[in-house]
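Throughout, residue positions are numbered sequentially from 1 according to the sequence presented. As the structure is a computational prediction, the values presented were derived from the model and not from experiment. Computed over heavy atoms, backbone and side chain alike; hydrogens, waters and symmetry mates excluded.
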Amino acid sequence: MAAHTTPMKIRYLLGVLAGCCLSALSLSAQTFVGSDNFDTNTLTLDSQAGTQVGVWSYTSGAGSWTATNQRVEYTNTATTGLSRGFLGWVEYNEGNTPAGGAGLTTGEPYNSSWTAQVSVSNLTVPVAGFTMAGLELYSSSSGPTRNAYYGIYLANTPTNNYVQFEWGKWNAGITDYDRTTTRALTLDGSDVVLRMDYDGTSKILALSYSYDAGASFTAGASFDIAGAQAGNTTPLDNGFGIDLLGLTNNAGAIAAGQMSYDNFAVSAVPEPSTYAAFAGLGALGLAWWRRRQRTMATHA
């Protein structure tokens, strides 16, 4: 009887620790943290206060967003001027609430570490101007009013295609953003994975891109959101918003199939304490296995 006591205790402890780990991980499917591969060909928008699990929050601006061909597409009939549309995963005034920040260590995107990425295609051939398709992070200041944004995009001009990195800070004096843009030439405008890696401790947002479905990434720009690239204020209530952008600027209309997005995901980066919990689980599992081996050898 005594020979079985320790394994039973270990199994109990394994169950408790596994339950704790899983209870923490279960939050990763909610709100700010979550994903959509658009395979259902259905685009459902949030119609309730606060964001819903796996549901897009809003669309704004011009053009249309449609889930089709197991992806989401952006179209726009504008042929002149600047015309753009946004598909929001979470708004800053939702992402700063405990529900909106679910899945993050502190429940606040500004103070937690996370990774966001999406596969983007921009097959437009501008006759002039430029087009852009990409992923944006943005924040609000107290009020709330507009504050700052940070983005990575596939940008096309009549002569070249780029991966573009951009940030802007609201300038109320000219009712527009002070913006800074850098670019990297690319010949691939199809299924390029655009990624944001945010460190909630250092407040560094690193942008990168992949041509091989995420197997390897090329580093692009990085922004110090609490330093050189900070907004006018700290993000309101430590919240961020995330959206997809489609844009045309004197470039002609964006037709169906030219601008598409797929496999969107925001994942929480575990804190060291989470890794320690898994390490403890592994150690208990190894101890249980060794004890079982010794027990079986004794009875052989």
Side-chain angles (χ1 to χ4, degrees), residues 24-40 43-46 50-60 65 67 71-72 74 86-120 133-140 148-153 165 167 191-210 213-214 217 220 222-223 225 235-246 260-271 274:
L25 290 178
S26 64
L27 293 175
S28 65
Q30 299 181 27
T31 317
F32 189 90
V33 174
S35 64
D36 194 346
N37 59 17
F38 306 107
D39 284 355
T40 61
L43 183 61
T44 302
L45 297 180
D46 183 5
T51 55
Q52 313 307 312
V53 177
V55 178
W56 291 87
S57 185
Y58 66 93
T59 60
S60 65
W65 297 90
R71 61 191 181 186
V72 68
Y74 177 72
F86 302 92
L87 175 62
W89 176 250
V90 59
E91 295 181 89
Y92 61 81
N93 60 346
E94 294 174 337
N96 62 24
T97 66
L104 303 178
T105 303
T106 63
E108 301 170 344
Y110 183 67
N111 289 327
S112 297
S113 298
W114 46 264
T115 294
Q117 68 180 42
V118 64
S119 178
V120 176
L135 176 66
E136 285 190 339
L137 174 74
Y138 67 100
S139 65
S140 173
Y149 76 95
Y150 311 85
I152 178 170
Y153 320 89
F165 318 98
W167 82 280
D191 298 318
V192 180
V193 179
L194 307 179
R195 187 171 76 176
M196 295 180 169
D197 291 298
Y198 181 71
D199 188 315
T201 300
S202 68
K203 303 298 188 286
I204 299 297
L205 179 72
L207 307 180
S208 58
Y209 54 98
S210 171
F217 282 85
S222 63
F223 300 128
I225 293 181
L236 176 65
D237 294 335
N238 297 317
F240 280 132
I242 292 182
D243 59 44
L244 303 179
L245 167 79
S260 62
Y261 311 74
D262 201 2
N263 298 320
F264 172 88
V266 185
S267 304
V269 176
E271 295 297 317
T274 303

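Between Asn263 atom CG and Arg71 atom CZ the span is 12.0 Å, to the nearest 0.5 Å. Note that the CD atom of Glu108 and the CZ atom of Phe240 stand 11.0 Å from one another [nearest 0.5 Å]. The distance from atom CG of Leu43 to atom OG1 of Thr59, rounded to the nearest 0.5 Å, is 8.0 Å. Note that the CD1 atom of Ile152 and the CG atom of Leu194 stand 4.5 Å from one another [nearest 0.5 Å]. Rounding to the nearest 0.5 Å places OG of Ser140 at 5.0 Å from CG of Leu236.
Tyr138 places no side-chain N or O within donor-acceptor distance of the main-chain N or O of Ile242, the cut-off being under 3.5 Å. Side-chain atoms of Trp114 come within 3.5 Å of backbone atoms of Pro109 as a donor-acceptor pair (strictly under, hydrogens ignored). Asp237 places no side-chain N or O within 3.5 Å of a backbone atom of Gly239 that could act as its donor or acceptor partner. Here the side chain of Ser57 pairs no donor or acceptor atom with the backbone of Gly88 at under 3.5 angstrom.
Listed here is the closest heavy atom pair of Ala268 and Leu104: CB-CD2, 4.1 Å. For Gly151 against Met196, the heavy-atom pair with the smallest separation is CA-CE, 4.1 Å. The nearest pair of heavy atoms linking Leu45 to Val55 is C-CG1, 3.6 Å. Nearest heavy-atom pair, Ser208 versus Phe217, reported as atom, atom and distance to 0.1 Å: OG-CD2, 3.6 Å.
Counting heavy atoms from C-beta outward, Leu135 and Leu244 have side chains that approach closer than 4.5 Å. Asn111 is listed as a side-chain neighbour of Lys203, based on a closest heavy-atom distance under 4.5 Å. Proximity of Leu205 to Leu137: side-chain heavy atoms (C-beta onward) are separated by under 4.5 Å at one or more points. Contact annotation: the side chain of Val72 never approaches that of Asp262 to less than 4.5 Å [non-hydrogen atoms, C-beta and beyond].
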### Query
Checking side-chain contact (heavy atoms from CB on, under 4.5 Å) for the pair Ile204/Ile225: CA distance, chi angles, key distance, verdict?
CA-CA 6 Å; Ile204 299 297; Ile225 293 181; over 6 Å; no
### Message
Set out, in order, the CA-CA distance, both residues' side-chain angles and the distance that settles side-chain contact (heavy atoms from CB on, under 4.5 Å) for Val118 and Val193, then state yes or no.
### Response
CA-CA 6 Å; Val118 64; Val193 179; over 6 Å; no
### Task
Before giving the answer on side-chain contact (heavy atoms from CB on, under 4.5 Å), spell out for Val266 and Phe32 the whole-Å C-alpha distance, their side-chain angles and the decisive distance to 0.1 Å.
CA-CA 7 Å; Val266 185; Phe32 189 90; 3.8 Å; yes
### Query
Can you list the steps and then say if Tyr198 with Tyr110 is a side-chain contact (heavy atoms from CB on, under 4.5 Å)?
CA-CA 9 Å; Tyr198 181 71; Tyr110 183 67; 3.4 Å; yes
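When the side chain to side chain donor-acceptor pair (under 3.5 Å) test is applied to Asp199, no partner is found at least two apart in sequence or on another chain. Looking at residues two or more places apart in sequence or on another chain, you find a ring pair (Phe, Tyr, Trp, His ring centres under 6.0 Å) between Phe264 and Trp56, Trp89. Residues forming a salt bridge (charged side-chain N to carboxylate O under 4.0 Å, His left out) with Asp197 (at least two apart in sequence, or on another chain): Arg195. For Phe86, the ring pair (Phe, Tyr, Trp, His ring centres under 6.0 Å) criterion is met by no residue, not counting sequence neighbours. Considering only residues two or more places apart in sequence or on other chains, Ala133 meets the side chain to side chain contact (heavy atoms under 4.5 Å, CB included) condition with Val120, Asn122, Met259, Tyr261. Residues passing the ring pair (Phe, Tyr, Trp, His ring centres under 6.0 Å) test with Tyr209, sequence neighbours excluded: Tyr211.
Side chains of Ser112 and Thr106: a donor-acceptor N/O pair is present below 3.5 angstrom, by distance only.
Using cut-offs of 30° and 60° for the angle between ring planes, the Trp167 and Tyr150 rings count as parallel.
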